[in-house]
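Small disclaimer: the values here were computed from a predicted structure and weren't measured. Below, all heavy atoms of this structure are taken into account, side chains as well, without hydrogens, waters or symmetry copies.
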Amino acid sequence: MGRNLLVSLDEIETTTKKALESHGASVEVASLVAHAVRTAEERGNKICGLYYVESYCLQLRTGRVDGVVEPVVTNNKPCLLYTSDAADE
């Protein structure tokens, strides 16, 4: 039988942040994603929580995602829809 391991939400957030930073995410990006992982775990949303941290780290390491890019949000016309582009310029 499997054993359950109880890990605090603070530890989840701290460890996730360290892992993301060590794989190339900026402090700001790592903090935001780690907080999102913590919130997902807190709410029982496993698919958006720890389940994907390994994948996030691999994508950072391989360059599939840029962990230091700063998103640019524009509002060209008055509307309810905004676009966001996190690509390098």
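Follow the hydrophobic side-chain contacts under 4.5 Å out from Val53 and you reach Tyr51 in the same cluster. Linking Ile, Leu, Val, Met, Phe, Trp and Tyr whenever their side-chain heavy atoms come within less than 4.5 Å leaves Leu6 and Ile12 in two separate clusters. Under the 4.5 Å side-chain heavy-atom criterion for Ile, Leu, Val, Met, Phe, Trp and Tyr, Leu32 and Tyr52 are members of distinct hydrophobic clusters.
For the pair Tyr56/Val37, a side-chain contact is recorded, criterion being any heavy-atom separation below 4.5 Å from C-beta on.
Environment of CD in Glu42: crowded, with over 12 heavy atoms of neighbouring residues, nucleotides or ligands closer than 6.0 Å.
When the side chain to side chain donor-acceptor pair (under 3.5 Å) test is applied to Gln59, the partners found at least two apart in sequence or on another chain are Ser55. Every residue two or more places apart in sequence or in another chain was checked for a salt bridge (Lys or Arg N to Asp or Glu O under 4.0 Å) with Lys18, and none qualifies.
For Glu41 (side chain) and Leu50 (main-chain N/O), a donor-acceptor pair under 3.5 Å exists by modelled atom type.
We find that Lys17 and Glu13 are not joined by a salt bridge, their nearest charged nitrogen and carboxylate oxygen being 4.0 Å or further apart.
To the nearest 0.5 angstrom, His35 atom NE2 is 10.5 Å from Ser31 atom OG. Separating the CG atom in Leu58 from the CG atom in Leu60 is a distance of 9.0 Å, to the nearest 0.5 Å. From Thr14, atom OG1 reaches atom CZ of Arg38 across 8.0 Å, with rounding to the nearest 0.5 Å.
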